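Accompanying notes for the structure given below.
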Amino acid sequence: MKSHGLRNKGALWMTALSLGLSAVLPVVSVNAASPPTVPKLAWKGTITMGAWVFTPTAPGQKVAPGTVRQTALLTLANEFEKMYPGIHIKFLSPNYGNDPNFIRTEAAAGQLADVWDAQYADLNSGVIPHGIAVNLAPYFKKSNPYVSGNKEWGSYMSPLGLAVSQAPNGAYYEINGDYIATAFYYNKALFKKAGISKPPVTWAQLLSDSRILKAHGIDPGAHRPYWSWWSRLFLSNFLGIPTLKQLLSFQPGNPSITPQDEVVGYQKGILNPLKNPRVMAWWPVVKELYQYWDKNVSAVPVLNAPTSAVTGSTLFNAGKVAMTYSGSWEPGLWVAGKQKPANLGAFNLPSIANTSRYATTYDSTTTVGGPSGGFQYSISTPQADQTMSQPGKFQAVLDWLRFMSSPRADQMVVNQWGVTIPTFKGSHPLPALRSLTSALSKPWYPVFGFSDVSVSAHTQIFKLFQEYINGFISFASAKQQYAQIVQQAVQQYSAQNH
Amino acid sequence: MGLGPKVYTEQMASSVKAHEMRQHPAVRTKRRYSWKTALVAYVFLLPTLIAIALFSYYPALSALLGAFTNWNGFNPPQWVGLQNFAQAFQDPIFLASAKNLLIWSLVGLPLSLVPSFVVAELIFHLRSTRAQYVYRTVFVLSFVIPSVVTILIWQYIYEPTGLLNHLLISMGLQSWTQSWIADPKYALWAVILMGFPWVNPFNLLVYYAGLQSIPAELFDAAAVDGVSGLQRIAHIDVPMVLSQIKVLLVLSIVGVTQNIVVPLIMTDGGPGNSTTTPVFYMYEQAIQYGNYGYSMAIALMLFVVVMALALVNIKYFQAER
């Protein structure tokens, strides 16, 4: 595998952003690359794949500064083709997939790729209609013949990845093999100019640093008020561990809080904004931060912003704001930006323990991000992809998915990108990202605040939250509207999944 | 003073209409061509008609049926009768979007029709034909600017640190500065009033063509009788371009009703739902939520409203003849 700038620099900065997370990675040895026996495949032809961020870079194609020349999947494809002469793996454009509208349109015409990328939330919520992706649950219980000694394909997948990937009907429409993180990023030079020597460790310090920066004529920060990030950080914290465990108990054995848990939680009053003040007590806390941060960014529509709209990331990389809050892909952008990476740093969510009488000591940092990276692949049904009705093709495609989802393959592919960590047992993350794996071994308590219950609620809650954050509606009005949206979402979810 | 301008208008208009009728191609050719010749013409038209039927009418008819189904765009649709329509009338977002459309129509339609007419008048009555040509070109050139570009420019103008607020500050009106498209109190007005000075090149051309078709004798006669400029506009120009105004009114209604680009690009229907229009909501339901059945029900309701307005207009035209 070739080394590249992003990996090295990204790794360096991931060390910083993952401060505070202890490394509790259970080390499992990587399985051998060559399985002892492989199934015979009668079908011959081309398997098409939309690999999104892991799409192999075309030979001779120049890559932009800060981006990675992807080769890992191509290497795996070559191995598979060598094993099965007559089968060819064709990678489609990096833009292929990961967009529900695109997937739905392709599927409606029966010409979706054989294997494609989609976010689990889109597959499970029905935004990508059921019937487009094959339910892999029965195959997860069978062995993966490309991993020596394996008896159940799903046995080495991370429990967290499996938990979030399971649809309300029990189906698994994808494999889920990586984990992504987020952090606050800051400009050391601008902090120094304002006389601030170190990044904030508490929410109060974050606010006071923002005030100091502003007093020195420096734009303190920029970020669109992305509801589901703040709800996971704050709502999860404000509910506290005992309540989170109660939510988790609604589906015994499941390591993550799901939309179903939220719906039950609402019905029991735990997540009803009209019955439990904790549900919305954090809104004014977040609003205070945005009073200092750049209004040009916080006012831009969060979900479907014009491509020309300014972002926190662009302002930060141009050195125009002192802070932003973004994903672990951010350091990769610094390489291409005007700022010297040495002038930039990262810090985790400052402690929010004392922000309200409802705040708890639960560290919710890892609730944002999670198993929603790029390694999420599905197989098309014959309805979505007419070529899948060819005799023997499904088995060939399934075997390709099995082959490229061994722990060895997961590690190869995910680490080359350098932004996320592979999650299959037996795979190893890049050394600098290793501390992130601790999150995989813990129960995951992300409370999305119903934006994951229905796509309509998702849109409405994002818009409502932005209105409130920007000071255009009162808390009382926001509470009333939020309660209404949530009630409708719960009714809709209950009707669809009764 | 001799005959009033109104009488002039009616007499001359009657004369012009009779002349036009004699010159009308349909009148001249009616007796000349046999049915065989007509058949050949229809055969030549057939490919176009088939294409229109296939790509325009078939999708529209499909949507008509789809409005009564629950369909996610992939799996077979399920017949739900009038459920989608009942849902729409209980849907607070759809009702809010209908209210937004009403406001947009009441304010937007005059903005679409009046400034273009005023500019057409000003250009038409310039003495120099060269000056007419230059001004006409200047206004019509903006036709080539994609609407998306215009919207993005206005987005910059409306930004909290954008041109409009800078202008207000420079005039000492700092207290007037606002987050124009981020504040639900102002967002709808901001998007409606976007495009100052609201001169639509297409409307301008239509009006200008209408003014050009007014017989010069009418203006001469009015001038001899000492008719003022405003009287001429009121009693000659407006009545003579009334048919253009009616056509532009219908087109503007259709345009406002189907205006999705501005909310889609500029505000995403927000903040909240303050700039959501029914057609935007229709798009959102179909493309973002995958509720194609409900989306088509909204489309059908829009179709009925626009069709009703168009029928009223057609009936009005027929009555006039």
Side-chain angles (χ1 to χ4, degrees), chain A residues 99-110 112 122 125-133 219 294-310 381 383-384 454-460 462-473 477-478 481 484-485 488 492, chain B residues 70-77 87 90-94 96 148-149 151-156 158-162 165 177-187 190 261-276 280-281 283-292 294:
Chain A
D99 175 355
N101 303 327
F102 180 89
I103 291 167
R104 197 167 44 211
T105 308
E106 290 273 289
L112 192 59
D122 293 331
S125 66
V127 173
I128 296 174
H130 297 165
I132 289 181
D219 201 348
D294 197 302
K295 299 279 184 201
N296 280 320
V297 174
S298 63
V300 172
V302 176
L303 292 178
N304 296 302
T307 48
S308 63
V310 68
T381 60
Q383 291 78 26
S454 87
V455 68
S456 168
H458 182 263
T459 306
Q460 292 305 316
F462 267 72
K463 287 182 175 181
L464 176 69
F465 185 64
Q466 187 176 27
E467 273 189 284
Y468 172 74
I469 289 296
N470 284 314
F472 299 135
I473 54 171
S477 173
Q481 290 183 55
Q484 194 179 2
I485 295 167
Q488 284 175 353
Q492 191 184 347
Chain B
N70 177 15
W71 186 45
N72 61 17
F74 179 73
N75 294 312
Q87 183 186 338
Q90 292 170 348
D91 182 344
I93 302 171
F94 176 73
V148 173
V149 174
I151 292 166
L152 294 179
I153 290 170
W154 276 89
Q155 194 168 21
Y156 165 71
Y158 283 144
E159 275 177 4
T161 53
N165 281 346
T177 59
Q178 302 292 342
S179 292
W180 300 104
I181 52 172
D183 189 332
K185 286 198 292 288
Y186 303 106
V261 182
V262 175
L264 189 63
I265 293 178
M266 200 176 220
T267 60
D268 190 34
N273 295 302
S274 58
T275 58
T276 297
F280 175 84
Y281 194 49
Y283 166 86
E284 200 173 42
Q285 284 291 336
I287 306 300
Q288 289 184 24
Y289 308 163
N291 296 329
Y292 284 87
Y294 186 42

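Bear in mind that the values here come from a model prediction, so they are computed numbers and not experimental data. A, B, ... follow the sequence lines: proteins, then strands. Residue 1 opens every chain.
- Looking at B/Ile151, there are no atoms closer than 4.5 Å to chain A (heavy atoms on both sides), in backbone or side chain.
- To the nearest 0.5 Å, atom CD of residue A/Gln383 and atom CD1 of residue A/Ile132 are 10.0 Å apart.
- Of the listed residues (A/Val300, A/Asn470, A/Thr459), the greatest number of heavy-atom pairs within a distance under 4.5 Å of chain B belongs to A/Thr459.
- Looking at B/Asn75, only its side chain comes within 4.5 Å of chain A, counting heavy atoms on both sides.
- Both the backbone and the side chain of B/Thr161 come within contact range of chain A, judged by heavy atoms closer than 4.5 Å.
- The two atoms that bring A/Ile473 and A/Tyr468 nearest to each other are O-CD1, 3.6 Å, heavy atoms only.
- For a residue to count as touching a neighbouring chain, one of its non-hydrogen atoms must lie under 4.5 Å from one of that chain's; by this rule B/Tyr158 does not touch chain A.
- Scanning all heavy atoms of the two residues, the minimum distance from A/Asp122 to A/Pro100 falls at OD2-CG, 3.3 Å.
- With chain B as partner, the option from A/Ala299, A/Ser298, A/Pro129 having the largest number of non-hydrogen pairs under 4.5 angstrom is A/Pro129.
- Looking at every heavy atom in both residues, B/Asp183 comes nearest to B/Pro271 through C-CG, 3.7 Å.
- Of the two parts of B/Ile287, the backbone and the side chain both hold a non-hydrogen atom closer than 4.5 Å to a non-hydrogen atom of chain A.
- Heavy atoms only, all atoms of each residue included: B/Asn72 and B/Phe74 are closest at OD1-N, 2.9 Å.
- Note on A/Thr105, A/Asn296, A/Asn101, A/Val455: by heavy-atom pairs under 4.5 Å with chain B, the leading option is A/Asn296.
- Side-chain contact check for B/Asn273 and A/Gln460: at least one donor-acceptor pair (N or O, by modelled atom type) lies under 3.5 Å.
- With a threshold of 4.5 angstrom between heavy atoms, A/Gln466 does not approach chain B through any atom at all.
- Looking only at heavy-atom pairs under 4.5 Å with chain B, the residue among A/Gln484, A/His130, A/His458 that has the most is A/His130.
- Across all non-hydrogen atoms, the minimal contact from B/Gln155 to B/Ile265 is NE2-O, 4.2 Å.
- Between A/Ser454 atom OG and B/Asn291 atom CG the span is 9.0 Å, to the nearest 0.5 Å.
- For B/Glu284, the part lying under 4.5 angstrom from a heavy atom of chain A is the side chain only.
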